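Ligands are counted one by one from 1 in listed order, and the atoms in each one are counted from 1 as well. All values reported here derive from a predicted model rather than from experimental measurement.
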Amino acid sequence: MSVHSEIKRVTTSTLKELKSKGQKIACLTAYDYSMARLVDASGIELILVGDSASNVMAGHETTLPITLDQMIYHAQSVVRAVKRALVVVDLPFGSYQGNSEEALRSAIRIMKESGAHAVKLEGGEEIKESIVRILSAGIPVMGHLGLTPQSIYKFGTYSVRAKEEEEAMLLKSNAKLLTELGCFAVVLEKIPGKLAQEVTDSIDIPTVGIGAGAGCDGQILVVHDMLGINQNFSPRFLRRYADLYGVMINAFTEYIKNVKEGDFPNEKESY
Ligand code: KIV
């Protein structure tokens with residue numbers, strides 16, 4: 001974050017301030033330079049370089065295969081594009097669960113090699129030591145509770161989490177713990193709206209929901225999903241703001257037709 005920048009950058013304090021004023025926080029993912037430029041220019045507050053890159057950029061079925069080096073590559077591209085938003089990067093599966101020393105090393109690599117502003121980790125009590133260690137190095141941490149896709153093989157499905165009292169209680173105590181440890185915000189993924197509202201009201205750091213109802217302090221969507229690039233993913237929580245699948249297929253087929261028919265390039269398009 002350049003102190004000489006003319007544009008007022010979004011910081012973790014900005015997000016807290018928005019919560020305290022009751023103003024909503026808009027967040028999206030991005031993984032590459034061109035998309036991040038568009039998202040940032042639109043006035044988004046937070047850009048997450050999510051490990052969903054594993055799905056939407058690399059075509060993997062889960063978020064598990066993406067590596068720390070690959071996340072750093074995506075984060076570098078995004079950071080080069082962003083002038084205003086806070087850039088948060090996911091610590092990928094396997095880069096922090098082993099022990100807190102490894103977690104700190106991974107977080108430091110992301111911050112040093114990409115220039116991002118914060119990291120996100122999935123989990124609560126079980127990764128407490130790692131969070132403490134990363135925070136003590138001065139690296140802002142965003143939490144992630146509810147459906148945590150890195151644990152998909154433990155859950156077995158991508159269905160709504162914490163519907164039962166026991167899991168809801170655990171989620172509430174983990175949200176409190178993340179707040180006490182010093183996380184600056186927490187993602188709540190795919191949990192009942194009522195529970196997300198209760199958590200939001202009970203902690204003083206912003207909650208950012210995805211499939212967690214309107215009661216969260218902010219919302220996040222995967223940019224490819226909200227743009228309608230991927231037609232095969234349509235969970236109930238997803239609102240499509242464009243049909244880029246249709247727009248792009250039309251453009252590509254029109255181009256192919258023009259090339260085949262010798263209509264492209266025309267004289268004006270030639271030297
Ligand atoms: O990786 C990701 O895109 C995420 C969001 C769904 C919150 O973690």
Exercise. Check each atom of ligand 1 against the heavy atoms of Thr29 and keep those under 4.0 Å away; list them by number with element.
Key: 3 (O)
Quiz item: By number and element, which atoms of ligand 1 are closer than 4.0 Å to a non-hydrogen atom of His144?
Solution: 8 (O)
Self-check item: From the candidates Val49, Leu48, Val89, the one that places a heavy atom nearest atom 4 (C) of ligand 1
Solution: Leu48
Self-check item: Heavy-atom neighbours of Glu129 CD exceed 12 at 6.0 Å
Solution: no
Quiz item: In the protein, what heavy atom is nearest to atom 8 (O) of ligand 1, and what distance, to one decimal place, separates them?
Solution: Lys120 NZ, 2.9 Å
Exercise. Look at the side chain of Asp90 and the backbone N and O of Pro92, then say whether any donor-acceptor pair between them is shorter than 3.5 Å.
Key: no
Quiz prompt | Atom indices of ligand 1, in the order listed, that fall short of 4.0 Å to a heavy atom of Asp90 | solution = 1 (O), 2 (C), 8 (O)
Quiz item: Any non-hydrogen atom of Glu122 lying under 4.0 Å from ligand 1?
Solution: no
Practice problem: Heavy-atom distances under 4.0 Å are what count here, so tell me which part of Asp51 touches ligand 1: side chain, backbone, both or neither. | Solution: both
Practice problem: Apply the salt bridge (Lys or Arg N to Asp or Glu O under 4.0 Å) test between Arg161 and each candidate in Glu166, Glu167, Glu122; give the one that qualifies. | Solution: Glu167
Quiz item: Relative to ligand 1, is Val208 under 4.0 angstrom through side chain, backbone, both or neither, heavy atoms considered?
Solution: neither
Quiz item: Are any side-chain N or O atoms of Asn258 and backbone N or O atoms of Asp263, one a donor and one an acceptor, separated by less than 3.5 Å?
Solution: no
Quiz item: Short list, please: which atoms of ligand 1 are under 4.0 Å from a heavy atom of Ile210?
Solution: 6 (C)
Quiz item: Does CZ belonging to Phe155 count more than 12 external heavy atoms closer than 6.0 Å?
Solution: yes
Quiz item: Any N or O of Ser52 that comes nearer than 3.5 Å to an N or O of ligand 1?
Solution: yes
Quiz item: Under the 3.5 angstrom rule, does the side chain of Thr29 hit a backbone N or O of Leu48 as a donor-acceptor pair?
Solution: no
Quiz prompt | Enclosure of Lys24 NZ (heavy-atom neighbours >12, cutoff 6.0 Å) | solution = yes
Quiz prompt | Ring centre gap for Phe233 and His224 strictly below 6.0 Å | solution = no
Exercise. Go through ligand 1 atom by atom and flag the ones less than 4.0 Å from a non-hydrogen atom of Val222.
Key: 3 (O)
